[in-house]
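The shown structure was predicted, so the numbers you read here are calculated from the model rather than taken from an experiment. Here is how names work: the chains are called A, B, and so on, in the same order as the sequence lines, proteins then strands, and each is numbered from 1.
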Number of protein chains: 2
Amino acid sequence: MFVEERQQRILQRLREQGKVTVEELMGDFGVSAPTVRADLAALETRRLLRRTHGGALPPATSLYEPTYAERVGTQPGEKRRIGKAAARLVRPGETVILDAGTTAHEVGVALAARGISGVTVVTNNLPTAVALMEAPGIEVIVIGGLAHLHRRAMLGPLAADFLHRVHADRVFLGANGVDAQVGLTVVDFDAALVKRAMIAHAAEVVVIADSTKICQVAFAQVAPVSVVTCLITDDASLDESVEAALLDAGVGLIERV
Amino acid sequence: MFVEERQQRILQRLREQGKVTVEELMGDFGVSAPTVRADLAALETRRLLRRTHGGALPPATSLYEPTYAERVGTQPGEKRRIGKAAARLVRPGETVILDAGTTAHEVGVALAARGISGVTVVTNNLPTAVALMEAPGIEVIVIGGLAHLHRRAMLGPLAADFLHRVHADRVFLGANGVDAQVGLTVVDFDAALVKRAMIAHAAEVVVIADSTKICQVAFAQVAPVSVVTCLITDDASLDESVEAALLDAGVGLIERV
DNA sequence: AAACACTTTCGTTTTCTTTCGTTTTCGCTT
DNA sequence: AAGCGAAAACGAAAGAAAACGAAAGTGTTT
């Protein structure tokens with residue numbers, strides 16, 4: 001057993017089981033603890049893993065391994081169902097825009113899981129871009145612009161301008177508020193600017209918003225609800241009168257999942 | 001048993017069992033260890049295997065493009081030193097462009113480690129963008145464009161066009177080849193396009209290239225070396241005549257680390 | 001005799017283990 | 001919940017065994 005061989009096997013185990021312990025590696029390879037530690041140290045300097053007490057973990061890239069708000073996100077089940085329903089709208093060969101936010105991210109994940117082919121995804125959503133790059137059959141175009149740490153997305157005028165270069169069949173748009181009178185709203189201007197550009201460069205506008213966003217109004221207005229081709233939301237507590245008001249105001253279709 | 005014959009048999013065994021040891025080959029062929037080692041050394045220079053202590057392994061599979069994680073591991077020390085030296089050039093308040101590639105990534109990491117403030121980083125390097133977003137005092141502008149899986153970067157005409165919106169004090173540029181006559185070269189046109197745009201939109205051009213790139217020529221030409229303000233490379237095997245030729249051809253400064 | 005292939009020899013390097021003192025972690029007590 | 005102590009893990013250093021590279025020597029072939 002050569003050193004290189006052993007180190008490759010360590011990486012392989014790490015990929016398979018997500019972690020390795022010094023003790024386990026000692027037993028498996030029949031070498032002493034300092035030897036294992038030396039291997040781990042060598043691999044760490046090459047950034048192929050992260051050492052911990054007692055073993056090692058895969059390298060930390062907080063984005064790829066979202067311990068981020070996605071897990072603690074409100075209503076993870078609803079978001080996933082909305083994402084799956086939205087992904088079903090996409091046909092092979094289409095170009096779609098994916099907005100920032102965890103719900104749009106779920107659309108991307110569902111799209112990759114479907115194994116659809118020939119789809120081009122345009123997105124400012126960083127975790128989504130990273131995830132979809134790996135997916136076969138999906139081309140990813142990243143929207144450039146100022147990277148916003150907490151939103152994990154590119155926002156602002158540069159991002160909005162970038163969208164003038166592309167035209168998509170469909171945009172999957174998130175929003176902080178969806179109200180029949182006020183329209184779609186978000187919490188800041190930079191995001192509103194980008195969303196308006198997305199709407200302007202897509203043939204169909206699909207709004208994905210869980211039930212907590214309906215009838216809410218946030219700070220910055222994006223567009224009236226009349227631009228919305230389809231609204232996908234979860235079933236909970238969507239009043240019939242609210243639904244009627246939205247359809248009256250120009251929403252093309254409301255889908256509950 | 002001729003030398004050639006023996007070496008073929010070594011390769012055959014390697015294919016069959018995935019590894020060979022010096023001891024095993026000594027026994028099989030009835031020759032001494034130095035002879036076996038000479039055979040292995042000869043086969044290694046022809047890239048038909050990889051030597052290790054005690055034997056040899058098959059060459060790294062060139063069927064697949066090496067994964068990003070694997071490329072990060074090559075010459076980690078040199079890249080890191082180059083990255084640190086490059087990061088020292090940056091002053092607070094500057095705007096810098098960081099190219100794709102692992103060496104440019106190291107510049108970003110070193111920049112974040114310095115804790116420098118008020119710096120704006122413009123990059124198409126996805127891992128770098130993700131890493132620097134977390135760094136306090138650094139604003140990240142992501143260059144939009146088609147996301148390339150293996151390079152972990154945005155490339156192509158969209159990315160090149162995006163750069164027309166920005167002007168930077170400095171660009172840290174990688175290259176597959178740096179040659180006094182031919183200039184800077186890379187392996188594909190999409191990358192060359194972006195690099196030319198980076199050069200056009202930066203006041204100073206700092207090329208970061210480990211010693212294996214010097215005097216090499218790759219497929220797509222980027223620019224003559226006369227655009228280079230500063231070349232940062234590692235100390236190993238940089239001939240004085242080569243250095244003189246580069247300086248003659250218009251390189252402003254060569255820094256060895 | 002010259003060229004070539006191989007071996008022998010020897011000093012150096014690499015790899016691994018053992019040992020020991022220090023740090024971290026975790027469970028237990030208060 | 002906070003503090004304490006034992007056990008585990010860690011890093012560094014020293015030493016032994018194996019492998020390595022280079023150079024000189026041997027034998028065979030042409």
Visitor: From CG of B:Leu40 over to P of D:dG21, roughly how many Å is that when rounded to an integer?
Guide: 9 Å
Visitor: For A:Met26 and C:dC16, what is the distance between atoms CE and P respectively, to the nearest whole Å?
Guide: 14 Å
Visitor: Between C:dT8, C:dC16, C:dC6, spot the one nearest the side chain of B:Pro34, thanks.
Guide: C:dT8
Visitor: State whether a side-chain donor-acceptor pair under 3.5 Å links B:Glu16 with B:Gln12.
Guide: yes
Visitor: OP1 or OP2 of C:dT7 sitting under 4.0 Å from any side-chain N/O of B:Thr35?
Guide: yes
Visitor: Any side-chain heavy-atom pair from B:Arg151 and B:Asp190 closer than 4.5 angstrom?
Guide: no
Visitor: Taking only the side-chain heavy atoms of B:Val3 (C-beta and beyond), determine which of C:dT17, C:dA5, C:dT7 contains the nearest atom.
Guide: C:dA5
Visitor: Between C:dT14 atom C1' and A:Asp39 atom CG, what is the distance in whole Å?
Guide: 13 Å
Visitor: Compare every heavy atom of B:Asn176 with every heavy atom of B:Ala218, then report the nearest pair and how far apart it is.
Guide: CB-CB, 3.9 Å
Visitor: Between P on D:dA18 and CD on B:Glu24, what's the gap in Å once rounded to a whole number?
Guide: 18 Å
Visitor: Please report the distance, rounded to the nearest Å, between CD in A:Gln7 and P in C:dT15.
Guide: 9 Å
Visitor: From C-beta outward on B:Glu23, which listed nucleotide comes closest to its side chain: D:dC10, C:dT17, D:dA19?
Guide: D:dA19
Visitor: Looking just at side-chain N and O atoms, do A:Asn125 and A:Thr123 make a donor-acceptor pair shorter than 3.5 Å?
Guide: no
Visitor: Ignoring backbone atoms, test whether A:Arg37 places a side-chain nitrogen or oxygen under 4.0 Å from the OP1 or OP2 oxygen of C:dC16.
Guide: no
Visitor: Identify whether any heavy atom of A:Thr21 sits under 4.0 Å from a base atom; if not, whether one sits that close to sugar-phosphate; answer base, sugar-phosphate or nothing.
Guide: nothing
Visitor: Specify the separation, in whole Å, of atom CE of A:Met1 and atom C1' of C:dT14.
Guide: 18 Å
Visitor: What is the distance, to the nearest angstrom, from the CZ atom on A:Phe2 to the C1' atom on C:dT15?
Guide: 13 Å
Visitor: Any side-chain N or O of A:Ser32 less than 4.0 Å from the OP1 or OP2 oxygen of C:dC16?
Guide: no
Visitor: Do the side-chain N or O atoms of B:Arg6 get closer than 4.0 angstrom to the phosphate oxygens (OP1, OP2) of C:dA5?
Guide: no
Visitor: I need the minimum non-hydrogen distance between A:Ser211 and A:Thr233, along with the two atoms involved.
Guide: N-OG1, 3.5 Å
Visitor: Given C:dT17, C:dT24, D:dG21, which nucleotide is nearest the side-chain atoms of A:His53?
Guide: C:dT24
